[in-house]
Amino acid sequence: NIKRRDHIHLAFIVSLILLDACGLILAFRTAYWTRFACSAFMTIFPPLKGIPEFALYQETLWALLPMWLLVFFYLGFYREMLLGAYDELVFALKGVFLCALLTTAMTFAYREVEYSRLVIGLWALYSVVLVYGLRECDKYLFRKLTEYRAGPRHVLVVGKGKAVSVIREMASRQPFIRTSFIDSLPASSAFSNYFRSHRVSELLLIQSAFDAESILEIAKQCELHGLECKIL
């Protein structure tokens, strides 16, 4: 199951990169169409310098697309940590805004060719919507795929204290795991039945809630039953 999850997770990261690229391309084409082919928009913002050939913008797109994806990469769009919906939206806004600024600065450097600033602005707007929407759909689909192929990854957090609330908040952002919380573990005799009935994949102990002897005993039981045991 762990290997299956690793393969699915790698496929998930690759799919995010491909979907981001597709979203940016579609957003660019839609921005060009809105600016130079939508009659309602052209009535409000008439193209005073004429309608440029799409081939010119197409060449610009292929030059800018790797830069946008590189900025996304350095901002952490493809790290292992998976964000919640709100944080994902903030990430998309920050990444697209930075890329739009870089694009505007680059187009000013080419004075011999005039690029529409409205196209860049519309590209940024459409990119936020498409990148965010595609990433959220991708997370939902891969969550279902992970549960279907490898089963839900159930992490049991054992202990008390402020750390529990922090873990609860962080776990809520992870689409590929299910987290449960208890204050203490059952007796050793019922240990195996409890983990089997609740389908626990991993145990996370809050160190401050247990003494050293108890931690060693729990780790031993986890090793006997083939469970991952981690200590915070």
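Just so it is clear, the structure is predicted and the values come from calculations on it, not from any experiment.
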Mutual orientation of the aromatic rings belonging to Phe77 and Phe72 [parallel < 30°, tilted 30-60°, perpendicular > 60°]: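 It falls in the parallel class, under 30°.
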
Residues which pass salt bridge (Lys or Arg N to Asp or Glu O under 4.0 Å) with Glu136, listed by chain and number, not counting sequence neighbours: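 With neighbours one apart ignored, the set is Lys139.
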
Residues which pass salt bridge (Lys or Arg N to Asp or Glu O under 4.0 Å) with Arg135, listed by chain and number, not counting sequence neighbours: Asp20, Glu88

Shortest non-hydrogen contact between [X] and [Y], atoms and distance:
X	Y	answer
Ile206	Lys160	CG2-O, 3.6 Å
Ala163	Leu232	CB-CD2, 4.1 Å
Leu122	Ala31	CB-CB, 3.7 Å
Ser180	His154	OG-NE2, 2.6 Å
Leu130	Ala27	CD1-N, 3.6 Å
Leu56	Thr60	O-OG1, 3.0 Å

To the nearest 0.5 Å, how far apart are [atom1] in [X] and [atom2] in [Y]?
X	Y	atom1	atom2	value
Leu70	Leu102	CG	CG	10.5 Å
Leu134	Ser15	CG	OG	10.5 Å
Cys229	Leu156	SG	CG	10.5 Å
Ile13	Leu18	CD1	CG	11.5 Å
Leu125	Ile120	CG	CD1	14.0 Å
Lys220	Leu216	NZ	CG	10.0 Å

Arg168 charged N/C atom sitting above Phe181 aromatic ring, 6.0 Å / 45°: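 So Arg168 does make the cation-pi contact.
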
Distance under 6.0 Å and angle within 45° of ring axis: Lys94 vs Phe91: yes

Residue Phe54 excluded, over 12 heavy atoms near CZ under 6.0 Å: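 Atom CZ in Phe54 is packed in, count exceeds 12.
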
Quick one, [X] and [Y] - any side-chain contact, counting heavy atoms below 4.5 Å?
X	Y	answer
Tyr132	Val90	no
Val155	Ile167	no
Val158	Leu204	no
Pro47	Arg35	yes
Gln58	Glu53	no
Phe36	Val119	yes
Ile17	Phe73	no
Thr34	Tyr126	yes

Would [X] end up clustered with [Y] when hydrophobic side chains under 4.5 Å apart are linked, directly or stepwise?
X	Y	result
Leu16	Phe142	yes
Val200	Ile231	yes
Leu61	Met67	yes
Leu64	Leu19	no
Val128	Leu26	no

Donor-acceptor contact below 3.5 Å, side chain Trp123 vs main chain Leu24: yes

Residue list, side chain to side chain donor-acceptor pair (under 3.5 Å) with Thr103, at least two apart or on another chain: Trp68

Test side chain to side chain donor-acceptor pair (under 3.5 Å) applied to Tyr32 - qualifying residues, sequence neighbours left out: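 For Tyr32, no residue satisfies side chain to side chain donor-acceptor pair (under 3.5 Å) once neighbours in sequence are set aside.
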
Salt bridge (Lys or Arg N to Asp or Glu O under 4.0 Å) pairs, two or more places apart, involving residues 201-216: Arg153-Glu202, Glu202-Lys230

Other cluster members, Tyr140 - Ile/Leu/Val/Met/Phe/Trp/Tyr, side-chain contacts below 4.5 Å: Leu141

